[in-house]
Structures are given as C-alpha cells and as structure tokens.
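Here is the structure we will look at.
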Amino acid sequence: MKKYQCPDCSYIYDEAVGHEHEGYEPGTRFEDLPEDFACPACFVREKEDFVPLESDSITSDCAKNKNSVVRSLKK
Amino acid sequence: MKTVTFDSPTQGTISYTDKKRGLWWMSALYPLFPITGLVLHGLTGIELMLLVPMVAAYICVPLFDYLLGEDLSNPPEEVVAQLEQDRYYSRLLYLAVPLHFITFFAAVYWIVTQDLSMAGYLILAVGAGMTSGLGINTGHELGHKTDPLSRLMAKIVLAVPGYGHFCLEHNAGHHRHVATPEDTASSKMGENIYAFALREIPGGFKRAWQLEKVRLQRKGKSMWSPSNELLQSYAITAVIQISLLIAFGWMLLPFLIIHNFLAWWQLTSANYIEHYGLLREKKANGSYERCQPHHSWNSNHVFSNLLLYHLERHSDHHAHPTRHYQSLRNFEDVPALPNGYFGAYLMAYCPPIWFAVMNPRLLNLQHIQGDLSKVNILPGKREAMEQKYASLVAA
Ligand SMILES: [Zn+2]
C-alpha cells in the first residue's frame with residue numbers, strides 16, 4: 001500500500017485508508033482512482049500532480065511548515 | 001495581543017503579533033448589524049430607517065475602504081501553522097452561524113408584527129437577503145475546511161437562503177475550473193453581471209448536482225439517499241421556510257423569495273468581480289495551468305476585508321484554497337480591484353461603469369499586456385473589444 005501527497009495542501013492519499021467521503025474504499029489503489037480525480041481537500045491539484053511518498057515520511061517540499069512545526073504560543 | 005514565535009534553525013526566533021486578531025470580531029458580528037435598521041425604525045417610527053444597514057454597506061464601507069486604504073502586511077510563513085492551529089479564529093467563524101439565524105428571524109418577526117408599507121416590506125426583504133448572502137461568505141470559509149464540525153456548520157448557515165449546494169459547487173466545481181471559459185462562476189470580458197447571473201446561478205446548481213450524483217454513485221447510493229449533502233442542507237431550509245409559511249401564511253412568501261434570491265445575488269456579485277476576464281493558459285496536453293495568484297482580482301482594502309473574513313485576498317485564496325482566513329497573504333503585482341467588494345459591486349451593477357474601469361485594467365495587466373488570447377472573453381465580443389480598446393490591444 002502506497003501513499004501519495006498533494007503538492008499544494010499536503011493532503012495524503014493513503015491507499016490503505018482510501019477516502020470514505022469521496023467513495024474510495026480502503027485498499028483502492030492510486031492508479032485505480034478515476035483519471036479526473038482531484039485532491040479532495042483543495043481541489044486545485046489533480047491526479048497527475050500527486051507525489052508518491054517513499055516511506056511514511058512526508059517530503060520536506062510538501063510539508064512546508066504545516067505538519068512539522070514547533071508549537072510555542074505565548075500570551 | 002497574542003504573539004506567536006517560531007525558533008528557526010537558520011534565522012533565530014521569529015515572533016509575530018497579528019494586529020488584525022481582535023478586529024476579526026467585525027466579521028463575526030457584522031451579520032447582526034442589519035438589526036440596527038429595525039431598532040431605528042422602532043425608535044423613530046420612520047420606515048426609511050430600515051434602509052440604514054444598506055446605506056452603510058454600500059456608501060460607508062466603500063468610503064472607509066477609500067479612506068483607510070490597503071493593508072499589505074503578511075504573517076511570516078514560519079508562523080502560519082501556529083496561526084491556523086489557534087482555535088480563536090475558527091470560533092469566530094462558528095459564532096457567525098447562529099447570528100445569521102438571529103437576523104433572519106428578527107426580519108421575519110418585524111414583517112409579521114409591524115404594519116409595514118409595500119416599500120418597507122421590500123426594503124426589509126432585500127436587506128435580510130443581503131445579510132444571508134454574507135452568510136454564504138461565512139459558509140464559504142467554513143466549507144473549505146476539512147473537519148466535520150466546520151463542514152456541518154457550513155451546511156447549516158447555507159440553509160438560511162437555501163444555497164446548500166454551494167460548498168460542493170464552489171470547491172469541486174469553481175475552484176477546479178476557475179478562470180476558464182468552462183467555469184460558470186468565472187465572468188468573461190464583455191459579459192455584464194445580469195447576463196452572468198443567468199449563466200452562474202443555474203450553472204452552479206447543475207454542476208453541484210452532477211458532482212454529488214457521481215460521488216453517491218461511487219458509494220453505491222441513490223441521489224435521494226440521506227447521504228446526499230445537498231439534500232441535507234435543503235432539508236433545513238425546507239423545515240424553516242415551510243414552518244414559517246404555515247405559521248404566518250402567504251404574506252411571508254414574497255419575503256422568502258426575495259430574501260433567498262438576494263442572497264444568491266450577493267454570491268453572484270462576488271463571483272462576477274473575482275475573476276472577470278482572467279484566463280489560465282492551456283498546456284500542451286490540453287489541461288489548464290494550475291491556478292496562480294494572478295488568476296483572481298485581489299483587494300487589500302482593510303475595512304471590507306475585516307467584514308468578510310479576508311475574502312478579498314482572493315489571489316492567495318484561489319492559489320491555496322485550504323489556507324485559513326487569518327493567514328491569507330497579499331502578493332505583489334496581482335490584478336487589483338480599485339475598491340473593496342462593496343464598492344466593486346456598485347460598479348458592476350452599472351455595466352458601462354464596470355466596463356470602462358475594468359476593461360482597461362484587465363488589458364493592462366502584466367501577464368496580459370493587450371493580448372486578447374490571454375483573456376477569458378465572451379466569444380461574440382472579441383471584435384468589438386479589439387475596436388473599442390485598439391490602443392490597448394496588442395497587434
Ligand atoms: Zn490538495
């Protein structure tokens with residue numbers, strides 16, 4: 001099972017999870033998604049734009065500062 | 001004042017204080033403002049006082065935009081994640097949802113209890129509709145979020161004017177196809193707002209139903225299943241509006257029709273000015289280039305932005321639709337509207353003024369420079385535009 005990431009919003013399509021709301025069952029392979037598949041989070045990147053992820057790590061380019069941030073909120 | 005800090009390995013500690021943080025209450029509370037018209041009417045007995053909220057929106061807001069000007073500041077990219085995790089901003093969005101219901105029911109109460117003239121009735125219906133149009137803006141910001149609570153709140157607030165199909169149409173339809181001739185929610189050069197409305201309102205409705213049909217088919221469900229998210233929102237509308245008709249009779253029917261239509265019209269107005277004439281280039285493989293900041297008309301006018309959850313920073317919104325309102329950025333050299341949305345709507349409602357101001361602006365854009373092949377233009381208007389703007393059109 002592989003993972004693919006949206007290069008704009010960093011949504012990850014995980015084949016093991018699928019996308020319930022959009023109607024893709026767990027186990028749906030990325031290549032079996034319809035050709036007109038768009039990112040279900042931002043809708044501005046399409047199937048051809050998605051970046052395969054090698055392991056569980058998120059590519060630094062995609063993650064930007066969204067997922068790997070040092071939280072330090074001060075009053 | 002809250003300061004967020006980020007410890008950067010290369011730049012040391014970056015700290016940022018969002019000066020607009022406390023001012024976002026303006027967006028949250030603005031839906032209640034039309035009630036001032038009812039209060040003033042009640043106190044003075046002068047029916048024309050019902051016009052006050054509209055006068056404020058279309059005269060005072062553009063004036064404040066002109067006087068207070070633009071805010072070009074951006075949060076440093078390093079703190080955006082923290083800014084977006086700060087629940088304060090989303091709570092202000094949630095707060096606006098019940099306030100839209102309060103204003104709607106206050107208008108209904110006024111119609112039912114006051115002995116209004118025909119003019120007073122019309123003013124109140126139009127004003128209530130405009131406020132519910134503002135609710136579509138609240139639903140818009142909520143509808144871009146991916147968490148279930150925000151999406152539920154979006155469905156609820158969109159139910160006030162019966163526009164439950166908006167989220168799906170906007171995200172999966174408009175955002176995906178923006179600034180192309182195929183998008184019914186992107187206006188074309190030479191197209192006036194009234195012609196645009198006839199394309200945009202039914203077009204959006206059809207596209208949403210088509211998208212929902214395909215999604216439900218994938219799940220093996222019928223169009224009429226309770227999982228249909230358009231029907232879920234419409235059901236709330238139906239319960240509210242039919243109950244009102246049963247309780248108060250046919251006298252409310254014109255109010256509800258005018259109210260609903262005016263709310264849709266507010267959205268049409270926003271769609272009309274947001275991408276007028278802008279066009280994404282077609283790539284060799286036939287697909288369009290991905291949406292860039294220069295594919296939306298932007299406005300940094302601070303006052304109206306504070307009333308609309310930064311909607312007018314539209315360039316960043318379309319380039320990166322999942323960014324939250326508090327972190328939307330200004331970009332250099334993007335298409336810029338001459339005033340905030342309220343002022344721009346007034347121009348749009350008078351097509352000769354809109355064309356006179358916006359057509360030269362469009363042709364002078366850095367990425368267009370008079371090249372009509374880079375403009376989303378009404379097919380029949382090309383020659384007329386070439387003649388009319390001969391000095392601006394590239395040979
Ligand atoms: Zn995405």
Side-chain angles (χ1 to χ4, degrees), chain A residues 3-53 57-75, chain B residues 1-9 13-17 76-88 144-146 148 151 168 170-178 211 214-221 227 229 280 283 285 287-288 290-292 295 317-323 327:
Chain A
K3 295 178 183 180
Y4 296 80
Q5 189 167 39
C6 168
D8 183 66
C9 73
S10 52
Y11 161 80
I12 294 170
Y13 181 79
D14 182 343
E15 291 181 336
V17 177
H19 195 291
E20 211 258 306
H21 183 262
E22 289 294 316
Y24 304 118
E25 303 260 328
T28 306
R29 304 270 295 271
F30 187 75
E31 61 202 52
D32 294 334
L33 293 174
E35 279 318 300
D36 65 351
F37 173 84
C39 171
C42 70
F43 293 96
V44 295
R45 291 296 180 277
E46 309 203 356
K47 195 176 174 182
E48 62 181 33
D49 302 314
F50 271 66
V51 183
L53 296 182
S57 67
I58 297 161
T59 58
S60 58
D61 189 39
C62 293
K64 289 185 193 150
N65 42 45
K66 249 186 167 153
N67 299 299
S68 54
V69 104
V70 187
R71 291 199 73 184
S72 54
L73 288 165
K74 277 190 200 163
K75 272 271 165 194
Chain B
M1 280 274 161
K2 199 167 182 175
T3 301
V4 283
T5 58
F6 178 80
D7 296 318
S8 159
T13 300
I14 297 166
S15 66
Y16 174 72
T17 309
E77 211 47 34
E78 290 81 359
V79 304
V80 164
Q82 290 176 65
L83 218 49
E84 298 197 347
Q85 280 158 2
D86 186 346
R87 298 289 294 161
Y88 164 83
H144 273 292
K145 308 284 176 286
T146 47
R151 300 188 78 108
L168 185 58
H170 179 79
N171 293 352
H174 174 56
H175 268 275
R176 188 166 187 188
H177 300 287
V178 69
L211 286 163
V214 171
R215 186 183 76 91
L216 290 169
Q217 270 171 357
R218 272 200 299 265
K219 294 166 83 88
K221 291 180 177 169
S227 305
E229 297 196 338
R280 278 150 64 193
K283 296 189 287 188
N285 69 2
S287 69
Y288 288 98
R290 296 299 170 243
C291 185
Q292 309 285 317
H295 294 127
H317 170 64
H318 265 272
H320 308 289
T322 53
R323 278 180 92 93
S327 51

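Just so it is clear: chains get the letters A, B, ... in the order the sequence lines come, proteins before strands, and each one is counted from 1. When reading the values below, keep in mind they use all heavy atoms of this one structure, side chains included, and skip hydrogens, waters and symmetry mates.
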Verify, without hydrogens or angle tests, whether B:Arg87 (side chain) and B:Gln85 (backbone) share a donor-acceptor contact under 3.5 angstrom. no

Is the number of heavy atoms from other residues, nucleotides or ligands within 6.0 Å of CD (A:Glu48) greater than 12? yes

Sort B:Glu229 into side chain, backbone, both or neither according to what part of it lies under 4.5 angstrom from a heavy atom of chain A. side chain

To the closest 0.5 Å, what do you measure between CG (A:Leu33) and NZ (A:Lys47)? 5.5 Å

Tell me which of these, B:Arg176, B:Lys219, B:Lys145, has more heavy-atom pairs under 4.5 Å with chain A than the rest. B:Arg176

Given B:Thr5, B:Thr3, B:Val4, the one that forms side-chain contact (heavy atoms from CB on, under 4.5 Å) with B:Val79: B:Val4

Is chain B contacted by the side chain of A:Glu25, its backbone, both, or neither, given a heavy-atom distance below 4.5 Å? neither

Heavy atoms only, distances under 4.5 angstrom: which of A:Arg45, A:His21, A:Glu22 has the most pairs with chain B? Name it, please. A:His21

Contact part of B:Ser227 toward chain A, heavy-atom cut-off under 4.5 Å: side chain, backbone, both or neither? neither

Stepwise side-chain contact (heavy atoms from CB on, under 4.5 Å) test for B:Lys221 and B:Arg215: CA-CA 9 Å; B:Lys221 291 180 177 169; B:Arg215 186 183 76 91; over 6 Å; no

Let me know if B:His177 has heavy atoms under 4.5 Å from chain A in its side chain, its backbone, both or neither. neither

Heavy-atom proximity to chain B below 4.5 Å, by part of A:Tyr11: neither

When you compare the side chain of A:Thr28 with that of A:Tyr13, does any pair of heavy atoms fall below 4.5 Å? yes

